[in-house]
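Everything below concerns the one structure shown next.
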Amino acid sequence: MERTIKILPDVAAIAQQAAGIFVNAAQQAVRERGVFRVALSGGSTPKALHALLVSDAFRPQLPWDKMQIFFGDERHVPPDHPDSNFRMASETLISKSPLKPEQVHRIKAELQDSEQAAKDYEQILRAQFALKPGELPRFDLMLLGMGNEGHTLSLFPGTTALRDNGRLVVRLWVGKLYTERITCTAPVANNSAVVMFMISGADKAPALKAVLEGPYEPEQLPAQLIKPADGKLIFLVDAAAGGMLSQKLAAT
Ligand code: 6PG
């Protein structure tokens, strides 16, 4: 695993760097395999990246017709709900791009039964990646964020999602949010060619230092589970989120 950590001035700088990495990953994947499969992240940090990708600066560089869009996780809400990761991606990226509906594979989190939503998405991944039993999908790029307590995707501390039991996608109860989530599991993330964290804000600083420099305790800090065995791991963090990192680490 190749790990890169970049401390950048602010979210705009994170988005600028992330957009370049996104374009390079897309162009390389299409050159090599004729398709670019990317898993989008939820939360708010990706919005600045999404805006850049559909801007005049980056839009012409992307092979839109050869892209397949997936989601790393989803809240257990309908796609038009304010909390929906799909809704955020639709508003900030998909609706402003040439992407066709058949290129976008959302988690059907409107289903009352979250376990059924997880199973359905697992089938979508198996079909889209033509997986044989026991195989994992290999995303060309997975975008991730991190919560201020070290969660990523919807892998929350101390939850059942941390034990994947061979699943690609699971549903889980998140007590502290009093809600259910549906999420790809860590083995799926770890099979990606490139995993790119975008982390912003001083509230993330303690967890980020713990994840990168503290003891390996993934039950507490699920972001520590993310280490793509045969891939690149990139942390793009702003000065506020990276403010507690040791100097030597910040230089990597
Ligand atoms: C979600 C995301 C989650 C997110 C972090 C950071 O569904 O919320 O998948 O893992 O990336 O919570 O969110 P921000 O980017 O809003 O800080």
Side-chain angles (χ1 to χ4, degrees), residues 8 10-15 17-19 22 38-52 69-79 81-93 105-110 114 117-118 121 139 141-159 161-162 169-186 188-190 192 195-208 210-212 218 220-226 233-243:
L8 300 157
D10 51 25
V11 177
I14 289 176
Q17 283 272 334
F22 190 106
V38 56
L40 302 182
S41 171
S44 56
T45 308
K47 293 177 183 175
L49 166 63
H50 292 176
L52 277 185
I69 307 296
F70 299 83
F71 291 82
D73 71 328
E74 189 55 278
R75 289 82 180 280
H76 190 211
V77 295
H81 190 282
D83 291 348
S84 166
N85 289 338
F86 171 79
R87 174 171 161 175
M88 183 276 280
S90 292
E91 290 174 347
T92 59
L93 177 68
H105 311 282
R106 68 177 184 87
I107 298 169
K108 295 185 179 60
E110 67 274 22
S114 57
Y121 205 59
F139 284 107
L141 174 64
M142 177 173 273
L143 303 178
L144 293 179
M146 189 190 75
N148 60 17
E149 86 299 50
H151 87 261
T152 191
L153 291 165
S154 283
L155 305 175
F156 282 84
T159 62
L162 305 187
V169 184
V170 295
R171 52 74 54 195
L172 67 150
W173 169 251
V174 186
K176 76 165 200 171
L177 300 177
Y178 203 78
T179 186
E180 289 184 278
R181 292 281 187 101
I182 297 115
T183 187
C184 287
T185 56
V188 169
N190 287 336
S192 302
V195 176
M196 176 161 68
F197 278 93
M198 295 179 286
I199 303 173
S200 163
D203 66 316
K204 312 284 178 78
L208 185 60
V211 165
L212 294 177
Q220 273 197 64
L221 298 160
Q224 289 184 324
L225 290 170
I226 309 304
L233 178 59
I234 302 169
F235 284 86
L236 302 181
V237 309
D238 67 8

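We count ligands from 1, going down the list as the structure has it; atoms in each ligand are counted the same way.
Compare Leu155, Asp73, Ile182 by their heavy atoms: the one nearest to atom 2 (C) of ligand 1 is in Asp73.
Under 4.0 Å from ligand 1, the heavy atoms of Arg181 that appear belong solely to its side chain. Under 4.0 angstrom from ligand 1, the non-hydrogen atoms of Lys204 all belong to its side chain.
Nearest protein heavy-atom contact of atom 5 (C) of ligand 1 is His151 NE2, 3.6 Å. With respect to atom 13 (O) of ligand 1, the closest heavy atom belonging to the protein is Gly43 CA, 3.8 Å. Of the protein's non-hydrogen atoms, the one nearest atom 11 (O) of ligand 1 is Gly145 CA, 3.2 Å. Scanning the protein for heavy atoms near atom 6 (C) of ligand 1, the closest one is Met146 O, 3.5 Å. When only non-hydrogen protein atoms are considered, atom 10 (O) of ligand 1 lies nearest to Leu153 O, 2.7 Å. Among all non-hydrogen protein atoms, the one lying nearest atom 15 (O) of ligand 1 is Thr45 OG1, 2.6 Å. Protein heavy atom in closest approach to atom 1 (C) of ligand 1: Arg75 NH2, 3.4 Å.
Here Lys176 pairs with Glu149 in a salt bridge; the nearest charged N to carboxylate O distance falls below 4.0 Å.
Note on ring orientation: taking the six-membered ring where Trp is involved, the planes of Tyr121 and Phe70 are perpendicular (angle over 60°, cut-offs 30° and 60°). Between Tyr178 and Trp173, the ring-plane angle classifies as perpendicular under the 30° and 60° cut-offs.
Residue contact check for ligand 1: Ser41 places a non-hydrogen atom closer than 4.0 Å to it.
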side-chain hydrogen bond (donor to acceptor under 3.5 Å, both in side chains) assessment of Ser154 paired with Asp73: CA-CA 6 Å; Ser154 283; Asp73 71 328; 2.5 Å; yes

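Shortest non-hydrogen contact noted between Phe86 and Glu74 is N-OE2, 2.9 Å.
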